[in-house]
Chemist: 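Would you mind keeping the following structure in view while I ask a few things?
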Amino acid sequence: MDIIRVEGGHALAGSVCVSGAKNSALKLMAATLLAPGVTTLQNVPNISDVHVMGKVLKRMGATIEVADEHSLVIDTSNVDSWEAPYELVAKMRASTAVMGPLLGRFGRAKIAMPGGCNLGARKIDMHILGLEALGVKFDTDHGYIHADASEGLIGANVTLEFASVGATENLIMAAVRARGTTVIDNAAREPEIVDLANMLNSMGAKIVGAGTPVVQIEGVKELHPTTHRVIGDRIEAGTFIVAGALAAGEDGIEVRGFNSNHLGMVIKKFELMGIDIEHIEGGVRVRRAERILPVDIQTLPFPGFPTDMQAQAMVLSALADGSSVITENIFENRFMFASELVRMGADIRIESHHAMIHGVKGFSGAQVVSPDLRGGAALVVAGLVADGYTEVSAIHHIDRGYEHFVKKLEDLGACVQRATIPDPTDE
Ligand code: EPZ
């Protein structure tokens, strides 16, 4: 069983450069289906979710060459299938992001119904409702969703019930090839949506308003391949900012490779907690907090506090001088991380969507299990300042979204390593 073992108490120093954003790269890869030919994506993170999306595209007939670890040369000229198979969708829910592009290119899509995950039901009803407004007919059988727009996609006005990131993306990727204009109201505003719209526009799409609640897409007859650089991963950056706030030496650490405007609410909340964060060229410098102040946080769609930073914020709050409340409004079950942090000495009580966190003096190293991608990374970060050793298992979750996580922490001076230990559940 692979684990990450970290010894607490080592000060961090120097600079870390984050990788390209997972939650942009996956959708940009799907969007290449809209433009037959060779599209090059740069600054793509070398993570397992990207590998899975690559398998999805190759299964459809695309070819992908990896150049210099972070550039993907994707040729979708010979894509002749519109099916995202169960075994890949089950592995990665984000595979559903191919639905919009497949409808845009072929007028058809066959997608395995995404199962739930440990964050909750993860439905796609808003994707379906929005695409139905564009003329798509849906049918489901044997665990698959069959989407049919053989009579063509027609531009429409769609108001999303909730500012869903995935629904906004799928709608945009279908609407770029619809007849007429589509207006999405209550659209998600995440920076990854803007990144997607920028790439699609460089392919010949006509999208205005991405990053605002109202996105307008004028359908075009065809899209052409392009070259696009993925934005830096703001959530990976936020994870390292928490590491610096807890464990940096006297000079702090630099976190680079991302646009700090993409973490506005996170930086604002962390400054309220007494964390010293200075904007620098290409990122921020963060210094260790002498005293962490308690704070109340609500996770909300961008520009609100991102749910993907909830676990990391909980680590900070758990060491604050006072009591904090973190309310999770996006996912119905994203507090599993808290029970692992309690094993390290945190004092947290969960009541429905609220986590009541009473600061403690410190964590003690323990054996803990990653509940999901962000929780796993947050447990490693907590281990940086825990007394003794922390062993984090189920680290395949972390590998989904954090490229070279252990090496980046080691390069900052942490005492951390991947190790393989006998699986205690083996007979
Ligand atoms: C994206 O998921 C991200 N994943 C998530 O990051 C992120 O937490 C989330 O956006 C919110 O920012 C990727 O981009 C690959 P949503 P997505 O549609 O698109 C419900 C990570 O750690 N919902 O905004 O699935 C849904 O169940 C991951 O990198 C419906 O009910 O998020 C959830 O409770 C975790 N019906 C909430 O809305 C729908 O049709 C937010 O979902 C769609 C969503």
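Just follow the structure's listing: the first ligand is 1, and inside any ligand the first atom is 1. From a predicted model like this one, the values you see are computed outputs, not experimental measurements. All values below come from the heavy atoms of this structure, side chains included, with hydrogens, waters and symmetry mates left out.
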Chemist: Can you list everything that forms a side chain to side chain donor-acceptor pair (under 3.5 Å) with Thr168? Sequence neighbours excluded, please.
Modeler: none
Chemist: What's the separation between atom CE in Met53 and atom NZ in Lys27, rounded to the nearest 0.5 Å?
Modeler: 8.0 Å
Chemist: To which of Leu160, Asp49, Asp125 does the heavy atom nearest atom 36 (N) of ligand 1 belong?
Modeler: Asp125
Chemist: Just checking Lys91: does its NZ atom have more than 12 heavy atoms from other residues, nucleotides or ligands closer to it than 6.0 angstrom?
Modeler: no
Chemist: Let me confirm one number: the NZ-CD distance from Lys137 to Glu151, rounded to the nearest 0.5 Å.
Modeler: 6.0 Å
Chemist: If you measure from each heavy atom of Lys27 to ligand 1, is any distance below 4.0 Å?
Modeler: yes
Chemist: Near Arg374, which atoms of ligand 1 are under 4.0 Å from a heavy atom of that residue?
Modeler: 21 (C), 22 (O), 29 (O)
Chemist: Between Thr307 and ligand 1, find which residue part has any heavy-atom pair under 4.0 Å and reply side chain, backbone, both or neither.
Modeler: side chain
Chemist: When you measure from atom 19 (O) of ligand 1 to each heavy atom in Gly375, Gly304, Gly166, Ala163, which option holds the nearest one?
Modeler: Gly166
Chemist: Using distance alone, determine whether Val165 and ligand 1 share an N or O pair under 3.5 Å.
Modeler: yes
Chemist: Does Tyr144, at its OH atom, have more than 12 non-hydrogen atoms belonging to other residues, nucleotides or ligands within less than 6.0 Å?
Modeler: yes
Chemist: Taking non-hydrogen atoms only, is Phe162 closer than 4.0 angstrom to ligand 1 via side chain, backbone, both or neither?
Modeler: side chain
Chemist: Any chance the side chains of Thr32 and Thr39 put a donor and an acceptor closer than 3.5 Å?
Modeler: no
Chemist: Ignoring hydrogens, just give me the one of Ser164, Pro301, Ala97 whose non-hydrogen atom is nearest atom 18 (O) of ligand 1.
Modeler: Ser164
Chemist: Indicate whether the side chain of Asp141 and that of His146 have a donor and an acceptor atom separated by less than 3.5 Å.
Modeler: yes
Chemist: If I take atom CD from residue Glu169 and atom NE2 from residue His127, how far apart are they, to the nearest 0.5 angstrom?
Modeler: 8.5 Å
Chemist: Determine whether the side chain, the backbone, both or neither of Met126 has a heavy atom under 4.0 Å from any heavy atom of ligand 1.
Modeler: both
Chemist: Do Thr307 and Glu328 have side-chain N/O donor and acceptor atoms under 3.5 Å apart?
Modeler: yes
Chemist: Would you kindly specify which portion of Arg334 sits under 4.0 Å from ligand 1, judged on non-hydrogen atoms: side chain, backbone, both or neither?
Modeler: side chain
Chemist: Would Gln310 count as a contact of ligand 1 if the rule is a heavy atom under 4.0 Å away?
Modeler: no
Chemist: Just jot down the ring-ring contact (aromatic ring centres under 6.0 Å, His included) partners of Phe106, sequence neighbours excluded, or say none.
Modeler: Trp82
Chemist: Evaluating non-hydrogen atoms only, which member of Glu169, Lys123, Met92 is closest to atom 31 (O) of ligand 1?
Modeler: Lys123
Chemist: Applying a heavy-atom cut-off of 4.0 Å, say which part of Asp308 lies close to ligand 1: side chain, backbone, both or neither.
Modeler: side chain
Chemist: Counting only heavy atoms closer than 4.0 Å, does ligand 1 sit against the backbone of Ala94, its side chain, both, or neither?
Modeler: side chain
Chemist: Counting only heavy atoms not in Gln417, do more than 12 sit closer than 6.0 Å to its CD atom?
Modeler: yes
Chemist: Between Arg93 and ligand 1, find which residue part has any heavy-atom pair under 4.0 Å and reply side chain, backbone, both or neither.
Modeler: side chain
Chemist: Heavy-atom distances under 4.0 Å are what count here, so tell me which part of Lys22 touches ligand 1: side chain, backbone, both or neither.
Modeler: side chain
Chemist: When only distance counts, is Ile330 in polar contact with ligand 1, meaning an N/O pair under 3.5 Å?
Modeler: yes
Chemist: Just to be sure I read this right, does ligand 1 sit under 4.0 Å from the backbone of Leu373, its side chain, both, or neither, counting only heavy atoms?
Modeler: side chain
